[in-house]
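Since we're looking at a predicted model, the values are computed, not measured.
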Amino acid sequence: QVLLVESGGGLVQAGVSLRLSCATSGITFSAYTKAWFRQAPGKEREFVAAISWAGSRTAYDDSVKGRFTISTDNSKNTVYLQMNSLKPEDTAVYYCAAGGRYYCGSDLRKAAYGYWGQGTQVTVSA
């Protein structure tokens with residue numbers, strides 16, 4: 001059984017930092033592209049960040065570039081999202097995803113993310 005479990009969300013004020021974690025099991029963690037997506041109320045789920053299976057490439061949405069950092073710890077089968085300088089518009093449910101086994105495409109957004117977590121709420125107050 002494949003499980004992705006997010007944690008680390010919460011209610012914070014604008015300008016502070018949060019680190020989200022996503023613990024995975026049931027997959028060969030190091031073989032998959034990992035990503036974070038988010039969905040705000042009334043909006044579609046959107047891409048936030050991704051990291052290639054080898055950890056050598058990352059991609060970010062323009063709205064978070066320079067503020068968010070995605071990373072992995074293969075020894076813990078965990079992917080992280082460090083979020084700095086949070087803004088009210090970052091408020092959303094954040095989902096981690098895995099897919100694109102040994103994906104080598106140039107656009108990490110297009111990896112076939114077939115595994116998803118249940119999400120963790122991040123609320124940023126002004």
Side-chain angles (χ1 to χ4, degrees):
Q1 182 183 8
V2 178
L3 289 175
L4 284 73
V5 181
E6 302 96 336
S7 61
L11 171 62
V12 298
Q13 289 189 325
V16 304
S17 300
L18 274 179
R19 189 177 79 157
L20 304 183
S21 300
C22 175
T24 71
S25 61
I27 59 172
T28 305
F29 181 80
S30 60
Y32 286 83
T33 306
K34 279 77 68 174
W36 288 92
F37 289 75
R38 66 186 181 187
Q39 187 168 19
K43 295 187 177 181
E44 293 187 353
R45 189 175 298 187
E46 64 178 11
F47 171 83
V48 176
I51 187 166
S52 63
W53 64 270
S56 56
R57 292 186 294 133
T58 57
Y60 297 92
D61 184 78
D62 286 345
S63 64
V64 306
K65 200 171 294 184
R67 298 188 298 123
F68 290 11
T69 303
I70 188 170
S71 63
T72 58
D73 185 337
N74 287 349
S75 70
K76 297 181 179 180
N77 292 340
T78 299
V79 55
Y80 303 99
L81 185 68
Q82 177 67 43
M83 306 186 294
N84 299 331
S85 303
L86 282 162
K87 304 175 180 180
E89 50 264 44
D90 295 319
T91 295
V93 177
Y94 283 72
Y95 300 89
C96 70
R101 193 168 186 268
Y102 296 122
Y103 177 74
C104 293
S106 60
D107 189 346
L108 294 179
R109 293 171 177 78
K110 296 182 178 180
Y113 296 104
Y115 302 112
W116 294 84
Q118 293 300 306
T120 185
Q121 176 70 47
V122 173
T123 304
V124 184
S125 62

Hydrophobic clusters here meaning ILVMFWY residues chained together by side-chain heavy-atom distances under 4.5 Å, can you tell me if [X] and [Y] are in one?
X	Y	answer
Ile51	Trp36	yes
Trp53	Val79	no
Val64	Tyr80	no

query: What pairs meet the disulfide (SG to SG under 2.5 Å) rule with one or both residues in residues 87-126, with sequence neighbours excluded?
result: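 Sorted result for residues 87-126: Cys22-Cys96.
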message: Lys43: which residues meet the salt bridge (charged side-chain N to carboxylate O under 4.0 Å, His left out) condition with it, sequence neighbours left out?
response: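 Here no residue qualifies.
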Heavy-atom pair of closest approach, residues Thr24 and Phe29: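 Smallest interatomic distance, heavy atoms only, reads OG1-CD1, 3.1 Å.
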- prompt: What pair of heavy atoms forms the shortest contact from Thr33 to Gly100, and how long is it?
  reply: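 Closest heavy-atom pair between Thr33 and Gly100: OG1-O, 3.4 Å.
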Side chains of [X] and [Y], heavy atoms from C-beta outward: is any pair under 4.5 Å?
X	Y	answer
Glu6	Leu20	no
Ile70	Phe68	no
Val2	Leu4	yes
Arg38	Glu46	yes

query: Cationic tip of Lys110 within the cone over Tyr103's six-membered ring, i.e. under 6.0 Å and within 45° of the normal?
result: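 Relative to the ring axis of Tyr103, which defines the angle, Lys110 lies outside at least one limit.
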What's the spacing between [X] [atom1] and [Y] [atom2] if we round to 0.5 Å?
X	Y	atom1	atom2	value
Arg101	Ile27	CZ	CD1	10.0 Å
Leu11	Leu18	CG	CG	9.5 Å
Thr78	Lys34	OG1	NZ	10.5 Å

Between [X] and [Y], is there a donor-acceptor pair closer than 3.5 Å when you use the side chain of the first and the backbone of the second?
X	Y	answer
Ser56	Ala54	no
Ser21	Ser7	no
Arg57	Ser52	no
Arg109	Ala49	no
Tyr32	Ala97	no

- prompt: Of all residues at least two apart in sequence or in a different chain, which pass the ring pair (Phe, Tyr, Trp, His ring centres under 6.0 Å) check with Tyr94?
  reply: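 Ring pair (Phe, Tyr, Trp, His ring centres under 6.0 Å) check on Tyr94 returns nothing, list empty.
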message: Checking Phe47 now: which residues fulfil ring pair (Phe, Tyr, Trp, His ring centres under 6.0 Å) with it, not counting sequence neighbours?
response: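 Partners of Phe47 by the ring pair (Phe, Tyr, Trp, His ring centres under 6.0 Å) criterion, ordered by chain and then number, come out as Phe37.
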Pair up each side-chain donor or acceptor in residues 113-126 with any protein partner under 3.5 Å, not counting sequence neighbours, and list the distances.
from: Tyr113; atom 1: OH; to: Leu108; atom 2: O; distance (Å): 2.7
from: Trp116; atom 1: NE1; to: Tyr113; atom 2: O; distance (Å): 3.0
from: Thr120; atom 1: OG1; to: Gly9; atom 2: N; distance (Å): 3.3
from: Gln121; atom 1: NE2; to: Ala92; atom 2: O; distance (Å): 3.4
from: Gln121; atom 1: NE2; to: Thr123; atom 2: OG1; distance (Å): 3.3
from: Ser125; atom 1: OG; to: Val12; atom 2: O; distance (Å): 3.3

- prompt: Counting heavy atoms not belonging to Glu89, are there more than 12 under 6.0 Å from its CD?
  reply: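 Atom CD in Glu89 is crowded, with more than 12 foreign heavy atoms closer than 6.0 Å.
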- prompt: Who else is in the cluster with Leu3 when I, L, V, M, F, W and Y are joined by side-chain contacts under 4.5 Å?
  reply: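 None, because no other hydrophobic side chain comes under 4.5 Å of this residue.
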Residues Lys87 and Asp90 bridged, charged N to O under 4.0 Å: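 No.
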